[in-house]
Amino acid sequence: MSESVRRGTARTVVVWDALLEALDERARIVDIGGGTGGFAVRLAGLGHTVTVVDPSPDALAALGRRAAESDVRDRITGIQGDVDGLLDIVEEADVVLCHGVLEVVDDPAAALATIHRVLRPGGALSLLVAQRHAAVLARAMAGHFQQALALLDRSSPAAGGRSSSRFTHDEAADLLAGAGFTVDAVHGVRVFADLVPGSLLDLEPGATTALVELERAVATRPEYLPLAAQVHLLAHR
Ligand SMILES: C[S@@+](CC[C@H](N)C(=O)[O-])C[C@H]1O[C@@H](n2cnc3c(N)ncnc32)[C@H](O)[C@@H]1O
């Protein structure tokens with residue numbers, strides 16, 4: 001297993017654990033901004049029906065290739081589009097994945113309101129967003145102190161041009177509540193996975209397994225949430 005695969009496992013294990021626990025058999029899943037299908041292809045392999053909606057034709061082409069390689073083309077549909085037009089594109093869903101997308105849309109509150117309307121009553125949303133406190137720490141540790149300063153506050157115009165491209169847990173939870181969702185679970189994701197040197201994962205026997213266990217162990221501890229590169233919220237309509 002390559003270092004990037006090892007690190008990828010440690011980065012996503014907490015989200016996968018939560019998703020697999022939340023999913024019923026044969027769910028109708030919409031993966032908004034699903035990109036090249038990192039989640040969609042495996043979910044289709046588990047028997048779910050997945051519709052990936054993404055504005056990028058390149059990403060959708062890669063998704064098609066991955067779906068073919070994994071022999072799940074009959075359970076994955078890739079559609080070019082964005083969250084604004086979601087209601088015109090997809091039918092009712094049991095589960096919506098919105099991973100790494102709220103950061104790039106113009107109006108996160110409107111995006112969540114649209115997703116809410118796509119879900120069936122009781123349907124689940126898996127929301128994964130970049131977490132602002134960890135981004136401040138990462139900038140500071142890299143010596144980018146002005147960038148760290150600019151990221152401190154949500155409204156700072158110097159925070160990379162987009163004022164809301166990262167979220168604290170409370171901001172994400174407020175957005176979900178505002179759109180009519182009830183939050184069921186919160187997880188800190190990538191608390192340590194991004195900080196560990198790649199050579200350690202390559203050379204130290206058992207390091208990846210131990211890192212995965214550590215990520216799992218801290219995921220639901222609130223004291224580690226501000227250190228998590230991403231926050232994952234499971235919510236239902
Ligand atoms: C950071 S990537 C995340 C990809 C995937 N969800 C994942 O977790 O690996 C963001 C994705 O959102 C897509 N995207 C950008 N703007 C969007 C919009 N307005 N609506 C839906 N998706 C969008 C991009 O094309 C890209 O595939």
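Numbering of ligands and ligand atoms starts at 1, following listing order. A quick note: this is a predicted structure, and the numbers were derived from the prediction, not measured. We use all heavy atoms of the structure for the numbers below, so side chains are in, but hydrogens, waters and symmetry mates are not.
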Can you confirm whether Arg26 is buried at CZ, in the sense that more than 12 heavy atoms of other residues, nucleotides or ligands lie under 6.0 Å from that atom?
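Check fails, neighbour count at 12 or below.
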In this structure, are over 12 heavy atoms from other groups packed under 6.0 Å from Glu21 atom CD?
no
Could an N or O of ligand 1 be found under 3.5 Å from any N or O of [X], whether backbone or side chain?
X	result
Asp54	yes
Val83	yes
Gly100	no

Does Gly38 reach ligand 1, in the sense of a heavy atom lying below 4.0 Å from it?
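Under 4.0 Å: no for Gly38.
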Output yes when a side-chain donor or acceptor of Gln131 lies under 3.5 Å from a complementary backbone atom of Ala228, and no otherwise.
yes
Side-chain donor/acceptor of Arg190 to backbone N/O of Gln230, under 3.5 Å
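Looks like no, no N/O pair under 3.5 Å.
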Which heavy atom of Glu215 sits nearest to which heavy atom of Phe192, and what is that distance?
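Closest pair (atom of Glu215, atom of Phe192, distance): OE2-N, 2.7 Å.
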Atoms in ligand 1 flagged as close to [X], the criterion being non-hydrogen separation under 4.0 Å:
X	result
Val104	15 (C), 16 (N)
Val105	19 (N)
Gly35	27 (O)

I need the Leu127 CG to Leu102 CG distance, nearest 0.5 Å.
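One finds 5.5 Å between CG of Leu127 and CG of Leu102.
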For atom 11 (C) of ligand 1, the protein heavy atom that lies nearest, with its residue and separation
Gly33 O, 3.5 Å
Can you find a side-chain donor-acceptor pair between Thr168 and His133 that sits under 3.5 Å?
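Result is no, nothing qualifies.
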Contact partition for Asp82 relative to ligand 1, non-hydrogen atoms under 4.0 Å
both
Are any non-hydrogen protein atoms located under 4.0 Å from atom 9 (O) of ligand 1?
no
